[in-house]
Amino acid sequence: MSLSRRDFLGLSVKSIVVIGAGNILQSFAPGEFFLPSPEKVSLRFALASDGHYGEPNTKFELHYDEMIGWLNREKKQRGVDFSMINGDLIHNDPAFLPTVKIKLDQLDMPYYVSHGNHDMVDGATWEETWKIPLHYAFEKKNSAFLILDTADKAGKYICPDIEWTRKQLIRYSSKKQLFVFMHITPVDWTKNAIVCPELVALFSKQVNLKAVFHGHDHDQDSAKERDGKHYFFDSHIAGSWGTAYRGYRMVEVLTDGQVLTYQVNPTSAEKVNNHRV
């Protein structure tokens with residue numbers, strides 16, 4: 001079932017962005033933009049982060065259930081090829097990890113996860129639960145995706161494995177578009193960043209890199225730019241701080257090579273940011 005213009009605006013979309021040829025970014029207000037027909041979308045995925053399952057004095061279980069409902073609604077209405085849950089799935093205690101796995105298995109589409117600073121488990125436990133390592137990559141159609149780890153077992157911020165990342169960037173350089181998912185941003189434009197200049201330099205040189213996606217900074221829900229590359233944030237699903245709303249980001253790879261992304265506020269009539277890359 002396609003999503004009508006009325007339904008689209010009713011989702012409280014914040015800033016539509018389109019990334020076009022040469023990584024030129026165009027921004028639109030919700031009332032200025034019409035979603036392309038489903039036939040023009042070759043790949044569609046969702047990003048949500050910071051579920052913080054188990055954080056004291058928060059409604060973490062309710063918030064997880066709502067997130068799953070929102071993403072399943074996206075799947076039903078316009079289709080979702082996969083979802084990425086981009087870090088801080090739990091809040092510190094490893095005992096919560098199996099419960100979160102059961103929760104996320106309720107999603108009606110394939111999903112992937114990244115490791116955040118509050119996901120305080122070692123690599124072996126992570127891999128036993130999710131059947132994937134802390135750093136990994138996958139392909140969908142003519143797109144490649146890298147998932148990078150940005151925290152150690154104790155929650156200390158770390159720069160991702162540079163050599164592994166370098167090899168993957170070379171490996172997937174022939175793909176039409178490349179996307180990176182990493183919980184913590186590697187540029188010092190937020191107070192919760194970790195500065196990783198060598199990693200950013202690799203990104204800056206990667207011709208087919210369309211976007212880098214972050215969680216972690218609950219109060220960030222828009223885009224930032226460095227050397228012509230775009231870094232996007234998706235607010236938060238739960239947790240005790242951040243934007244006044246809880247939301248998620250949608251990304252649509254169009255058949256003409258453009259990339260459309262928009263942040264969704266599913267709980268309010270307030271309009272939230274859209275971009276075309």
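Source: prediction; values computed, not measured.
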Report task. Assess whether side-chain contact (heavy atoms from CB on, under 4.5 Å) is satisfied between M109 and N72, documenting all intermediate values. Result -> CA-CA 8 Å; M109 75 288 293; N72 285 344; 3.9 Å; yes
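- A donor-acceptor pair under 3.5 Å links the side-chain atoms of D81 to the main chain of R44, judged by distance alone.
- Ring centers of F179 and F45: under 6.0 Å apart, within the cut-off.
- Under the 4.5 Å side-chain heavy-atom criterion for ILVMFWY residues, a single connected hydrophobic cluster contains both L209 and L148.
- When every heavy atom of A144 is checked against every heavy atom of K175, the shortest pair comes out as CB-CG, 3.8 Å.
- Applying the disulfide (SG to SG under 2.5 Å) definition to pairs two or more places apart or across chains, none involves residues 66-131.
- In summary, of the residues considered (D88, N86, D149), a side-chain hydrogen bond (donor to acceptor under 3.5 Å, both in side chains) with H183 occurs for D88 alone.
- There is no path of hydrophobic side-chain contacts, each under 4.5 Å, that joins I162 to I194.
- To the nearest 0.5 Å, the span separating CG on L71 from CE on M250 amounts to 7.5 Å.
- A donor-acceptor pair is defined here as one N or O able to donate and one able to accept, closer than 3.5 Å; such a pair exists between the side chain of D161 and the backbone of W164.
- Closest approach of G123 and L134 over heavy atoms only: CA-CD1, 3.8 Å.
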Query - Working for side-chain contact (heavy atoms from CB on, under 4.5 Å), residues K76 and D108 - result: CA-CA 9 Å; K76 182 178 179 180; D108 293 336; over 6 Å; no
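- For the residue pair P266 and Y248, the shortest heavy atom distance occurs at CG-CE2, 3.9 Å.
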Query - Chi angles and distances behind the side-chain hydrogen bond (donor to acceptor under 3.5 Å, both in side chains) call for D221, Y245 - result: CA-CA 10 Å; D221 61 1; Y245 73 100; 2.8 Å; yes
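- Atom CG of L43 sits about 5.5 Å away from atom NZ of K141, to the nearest 0.5 Å.
- Side-chain contact check for R226 versus W189: some heavy-atom pair is nearer than 4.5 Å.
- By the rule that hydrophobic residues join a cluster once side-chain heavy atoms approach within less than 4.5 Å of another member, Y262 and Y231 end up as members of separate clusters.
- In this structure, S173 and Q206 approach most closely via the heavy-atom pair CA-NE2, 3.8 Å.
- For the pair L146/Y172, a side-chain contact is recorded, criterion being any heavy-atom separation below 4.5 Å from C-beta on.
- Contacts classified as side-chain hydrogen bond (donor to acceptor under 3.5 Å, both in side chains) and involving residues 126-135 (residues at least two apart or in different chains) are not found.
- Scored by the ring-ring contact (aromatic ring centres under 6.0 Å, His included) test, Y112 finds F82, F138 as partners (sequence neighbours excluded).
- Using cut-offs of 30° and 60° on the angle between ring planes, the pair F213 and F181 is tilted.
- No option in N117, T185, N192 other than N117 meets the side-chain hydrogen bond (donor to acceptor under 3.5 Å, both in side chains) test with H216.
- Atom CD1 of residue I237 and atom CZ of residue F60 lie 15.5 Å apart, to the nearest 0.5 angstrom.
- One distance of note links CG of L89 with CG of D119; it measures 5.0 Å at 0.5 Å rounding.
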Requested in this report: Take D234 and S49 through the side-chain hydrogen bond (donor to acceptor under 3.5 Å, both in side chains) test and state the conclusion after the steps.
Outcome: CA-CA 7 Å; D234 58 36; S49 67; 2.6 Å; yes
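- Residues D188 and V195 share a closest heavy-atom pair of CB-CG2, 3.5 Å.
- Using a 4.5 Å heavy-atom threshold, the side chains of F232 and V212 count as separate.
- Using a 4.5 Å cut-off on side-chain heavy atoms (C-beta onward), F233 and K224 make contact.
- Checking Y157 against D152 by side-chain atom types alone, no donor-acceptor pair falls below 3.5 Å.
- At least one donor-acceptor pair closer than 3.5 Å links the side chain of D122 to the backbone N or O of T125.
- Shown here for V80 and A46, the closest heavy-atom pair between the two residues is CG1-N, 4.1 Å.
- In this structure, P38 and R78 have side chains that are in contact, with non-hydrogen atoms separated by less than 4.5 Å.
- Annotation: the span from I170 atom CD1 to R166 atom CZ amounts to 7.5 Å, rounded to 0.5 Å.
- A donor and an acceptor atom, one from each side chain of Y136 and Q168, are nowhere located under 3.5 Å apart.
- T243 and D219 share no donor-acceptor pair across their side chains, judged by distance under 3.5 Å alone.
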Requested in this report: Start with the C-alpha distance between K140 and F145, add both sets of side-chain angles, then the distance that settles side-chain contact (heavy atoms from CB on, under 4.5 Å), and finish with yes or no.
Outcome: CA-CA 8 Å; K140 294 282 186 181; F145 303 86; 3.8 Å; yes
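- Between M182 and S114 there is no side-chain heavy-atom pair separated by less than 4.5 Å.
- Residue M67 is grouped with residue I90 when hydrophobic side chains (ILVMFWY) are merged at heavy-atom distances under 4.5 angstrom, including chains of intermediate members.
- Distance alone, capped at 3.5 Å, is enough to place a donor-acceptor pair between the S42 side chain and the V253 backbone.
- In this structure, NE2 in H230 is found 11.5 Å from OG in S222, a value given to the nearest 0.5 Å.
- Among pairs with a residue in residues 147-182, those fulfilling disulfide (SG to SG under 2.5 Å) read C159-C196, at least two apart in sequence or across chains.
- Under the 4.5 Å side-chain heavy-atom criterion for grouping Ile, Leu, Val, Met, Phe, Trp and Tyr, L107 is connected to I132 within one hydrophobic cluster.
- Close placement of the H218 and H52 rings is indicated, their centers lying within 6.0 Å of each other.
- Applying the salt bridge (charged side-chain N to carboxylate O under 4.0 Å, His left out) rule to pairs touching residues 48-67 yields E61-K103, D65-K103, E66-R246, sequence neighbours excluded.
- Of the possible polar contacts, one joining the S204 side chain to the V200 backbone as a donor-acceptor pair under 3.5 Å is found.
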Query raised in the report: Run the side-chain hydrogen bond (donor to acceptor under 3.5 Å, both in side chains) check on T261 and R249 step by step: do they pass?
Result: CA-CA 7 Å; T261 178; R249 178 170 292 280; 2.9 Å; yes
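- The backbone N or O of K229 sits nowhere less than 3.5 Å from a side-chain atom of D227 that would complete a donor-acceptor pair.
- Side-chain contact between S235 and Q220: absent, with no pair of heavy atoms (C-beta onward) separated by less than 4.5 Å.
- Qualifying salt bridge (Lys or Arg N to Asp or Glu O under 4.0 Å) partners for E225, counting only residues two or more places apart in sequence or in other chains: none.
- Two residues are said to be in side-chain contact when any heavy atoms from C-beta on lie closer than 4.5 Å; P36 and L254 meet this criterion.
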